[in-house]
Amino acid sequence: MADELTKGFEPKDIEARWYAHWQANGVFAASDDPNDARPRYVLPMPLPNVTGSLHMGHAMMCTLEDVLTRAHRMMGFNTLYQPGTDHAGIATQVVVERQLKRDNVSRHDLGRDTFIERVWEWKAECGSRIVEQQQVLGLSADWQRSVFTMDAGYSRAVREAFVRLYHEGLIYRAKRLIYWDCAAQTVLSNLEVDSEEENGELFEFAYPVEDGGEIVVATTRPETMLGDSAVAIHPDDPRYTHLHGKFVVHPFVERRIPIVCDPILVDPTFGTGAVKVTPAHDFNDFETGKRHNLELIEILDSEGRINDHGGSFAGLERFEARKAVKRALDEKGLARGAKGHRLMIPRSQRTGTVVEPMLSTQWFVKTEPLAKPALEAVQTGKTVILPEEWTKTYEHWMTNILDWCISRQLWWGHRIPAWYCDACGHATVVNAEALSACEKCGSTSIKQDEDVLDTWFSSGLWPFATQGWPDKTPALERFYPASDLETGYDILFFWVARMMMMGIHFMGEPPFKRILLHSLVVDETGKKMSKVIGNVIDPLDLINGSDFENVVQKALPGAPLDEAMKKFKKAYPSTASMGAGFEAYGTDALRFTLCSYSPQSKRIPLSPKKIEGYRHFCNKIWNATRFALGYVEGATVGASAPAATLRINRWLLARLEDACVEAKKGIDDFRFDDATARLYHFFWGELCDWYLELTKPVFAGDDAEAKRETRDVLAYALEATLRALHPFIPFITEELWQRLPKPASSPVSIALARLPEAGVGRIDADAVREMTALQEVIGAVRTIRSEREVHPAAQVPVVLRVSEPTLRAVLEDDRRSLETLMKTSSLSLELPGGSRPEGAALSHAAGVEVLVLLKGIVDPAGEKARIERELKKAQKNVEALEKKLGAKGFADRAPPEVVKETEEQLQGYRERIRILDEARALAEEL
RNA sequence: AGGCGGGUAGCUCAGCGGCAGAGCGGCGGCCUUACAAGCCGUUGGUCGCAGGUUCGAUCCCUGUCCCGCCUACCA
């Protein structure tokens, strides 16, 4: 540690070292001490799947959450970032089954108990990977408290919730039309189904009418006609009036099918205006069936094969059956042709297979009574959603919520605590892992429900089940409700809404004060990251660096390298200029980048170039500190800003104050883009570009008191700035902070130091105004030098003419600063109106006439062109302002200060024109 | 179809009643002893279109055209 800083910032060297330091010192641990008087900050981590590995979405989420966590810890809160992992029912089961398949074994071969053992083994092997990756990201979660949703305690909470809701009548079992995943062999909730538009066909065929004639219907799923129990027409459709009350004959099975009139289902302008009705396999038809009391004819088994109701088609797989039905209709002369048709195909999120609406007995949560208070909590502001616009989406969803199917035909998960009695048929629902007798008749011939609960049911209990609920533990008392919940907007309904409902129901108050939502991380062109498009980026490749070959193989597994490369480069145009791969940008650069995107936009187009830019920023911080370390040894750093008399020091402390206040506001408002932008600008644009440059002449000079003051201010401001930056870039700030002089009572880690807030610096309007004038004057000289192509090292005489006494004094006072930054050995201050030096370029800034003596180096034509350009600009401004001032009603209706300000602006531009006119005359003489 | 959001510099996006901003890029000049992962300067905009409210509109209102996302879908 005592060794010197390397010339450039190398993230790899420092990250692992400091994470170990934090862990060893218990920096992340929340306090259980009942006497701890600090306010609490609790943030439940959106639990990743145990099957998962870290992707960009996690990186985004984790970064924002860790910033919130670290910032609050530094604000003096007793902070709990509650980590954990989710057993992820379907996802995990699918992964392990796939593994078994390699050995040609199915889960049924193993049996339920053995299979579950296998899943646990797998979890023990691979379940910690995502946690390790989260630690690479620097997460300051309290890992000691990590919870897995299948832990014994958590499982007990899940059963308890089920049992209570059941006895309150909020959970019921019913036969309903549900979405069925034929591959995973389970029911899915409507949220686990994604519909995409795909090409299909609209197939038309005729039903013979009983008394002769026919009626033509159209369908995209011809095989479902085996389960038809009606043909519907619109009651007012004149084409079909003669068929009212008639029947058609099913061509394949012995069945008379009624023709019904239904104005809701039938749109007479679409297709033939006649619709086949299959109540057991279509949601709309199901409703129609209820209206007309139609027969429910199931034709599919759980694997998607036609069952006995399908007559001669029985046993055929559903897509085979489709072809067979079409062929058979054709043979009977009933086919009436087909046309191409775009339609929405519902697919399982997990297995990708087309899901089938099927009738099935399942467990449901009655959502309406739970949703109402969850809606009210947001409407009354007890829970706030940020960014605000999501409130409407939440309300819309909560008011249109459907009952929630919570049973799943899986083995991996929380088994439903219901036992059915063979003797009396009663269902015993109790919080137990095993049951020996029916609670009603005492029979021991009972059987537990085979199904498990939807994963979202268990994760809906997260904010309180992690703290020991249903027991009234001290942890539950202390850490419920949580403060914030941060997550992607895509699981607002899946998860957030569920936690709101469950939290309010079981705990009596909403689980969070704020719900903070971030957007989807997409590729540079705005497309969703997917292994089909080949635009997935592993965050660790950005942190550790990686050849594009490696990156691309992960993005599009199994594809030829050049094809994958082409797709990848197309998705990330900015990589074109990046050579053979990503350099090791480090965790800090990635985190800072992710924070810099506005949470309001719906997409976050990840740009590797931008990450590179923020690695440059880290390098800048590194080098600025390296510079400062050469001067700050022995500095006295106190808890508050040191006294300052020099203008540059007063100015820096004023800017520090502003930057820290703005950054804190950004954090408070969940506007990390504002916070990072302000800190970036302060550090680079103010501290480095101006302040450090201005300290150079001071440190090179021989005014001991000025040196001492500047040393103290530099050390103080840098130390404070690192603290302000720490939540965003924890590693580099810790590394540098440890090397700087700091207050005597500083903690073992910057992570435990205070976040700078109002009062860290000092408001000093005079210093800011005066420094701004200096900056403008220096800028004017630099512009002239640059446009005249004066070599940056060349010393050129400068004359400043100013009448205003205060400003004149400031310029005189900071002569040394001006000379350094203007690169002049000969600076003279004069009153306006003196003679015109030969070969002078003239400009104007902050009320000062700026003359740069360029005789011999000047290009008269270029000089004139520049002046003309500036004159034109100034004249345009004058015209605009004159028009504004002269506009009807402006003077008497606009606020006086606005009028005054406008007049002053106009004066300024007029003055500028006067000087530029002179400059033009002067240029003529060159 | 309904709901929500967006159209601002070449690109990605802030700003949302009172002189149009940032980062990246472009252009010109510099290896100036913290940093070439850098320094200095500079160029980019009828703020989607049309009306309205206002002394004043990128910002508020109405209409309109595009583009996303979500929900529900026509068998």
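Here the structure is a predicted model, which means the values were calculated and not measured. Each chain gets a letter, A, B and so on, in the order its sequence line appears, and its residues count up from 1.
- Remark: B:A1 base-pairs with B:U71; criterion is Watson-Crick or G-U wobble with both hydrogen-bond distances under 3.5 Å.
- For the pair A:K610 and A:Y597, the distance from NZ or CZ to the six-membered ring centre is under 6.0 Å and the angle to the ring normal is within 45 degrees.
- A distance below 6.0 Å separates the ring centres of A:F672 and A:F670.
- To the nearest 0.5 Å, atoms CZ (A:R785) and NZ (A:K823) are separated by 7.0 Å.
- Spacing of P atoms, B:G7 relative to B:G48, comes out at 7 Å, to the nearest Å.
- Ring-centre distance between A:Y394 and A:F493: not below the 6.0 Å cut-off.
- Looking at heavy-atom distances under 4.0 Å, A:K527 makes no contact with the nucleic acid at all.
- Here, B:G41 and B:A22 have their P atoms 13 Å apart, quoted to the whole Å.
- The aromatic rings of A:Y489 and A:W390 lie parallel to each other, their planes meeting at an angle below 30°, with 60° marking the opposite boundary.
- Taking atom P on both B:G5 and B:C73, the two are 23 Å apart, rounded to the nearest angstrom.
- Proximity of A:R782 to the phosphate of B:G41: a side-chain N or O atom is located under 4.0 Å from OP1 or OP2.
- Side chains of A:D228 and A:Y207: a donor-acceptor N/O pair is present below 3.5 angstrom, by distance only.
- For the segment residues 620-632 of chain A, residues with any heavy atom less than 4.0 angstrom from an atom of RNA chain B are, sorted by number, A:K620, A:N623, A:A624, A:R626, A:F627.
- For A:K823, no side-chain nitrogen or oxygen approaches OP1 or OP2 of B:C40 to under 4.0 Å.
- For B:G51 and B:C24, the C1' atoms lie 37 Å apart once the distance is rounded to whole Å.
- Here B:C19 sits opposite no nucleotide as a Watson-Crick or G-U wobble pair (both hydrogen-bonding atom distances under 3.5 Å).
- Taking atom P on both nucleotides, B:A57 is separated from B:A20 by 12 Å, rounded to a whole Å.
- Comparing the P positions of B:A37 and B:U33 gives an interatomic distance of 15 Å, to the nearest angstrom.
- With both pairing distances under 3.5 Å, B:G38 is matched to B:C30 as a Watson-Crick or G-U wobble pair.
- Taking atom C1' in both B:G17 and B:C59, the straight-line distance is 6 Å, to the nearest Å.
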Nucleotide-resolved protein contact map, nucleotides 70-75 of chain B, B/S/- at heavy-atom distance under 4.0 Å = ---BBB

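- Taking 4.0 angstrom as the limit, A:K7 places none of its side-chain polar atoms (N or O) nearer than this to OP1 or OP2 of B:A37.
- Using a 4.0 Å heavy-atom criterion, one finds that A:L520 contacts no nucleic acid atom at all.
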Heavy-atom contacts, protein to nucleotides 10-25 of chain B, under 4.0 Å, summarised as B (base), S (sugar-phosphate only) or - (none) per nt, yield --SSSS--BB------

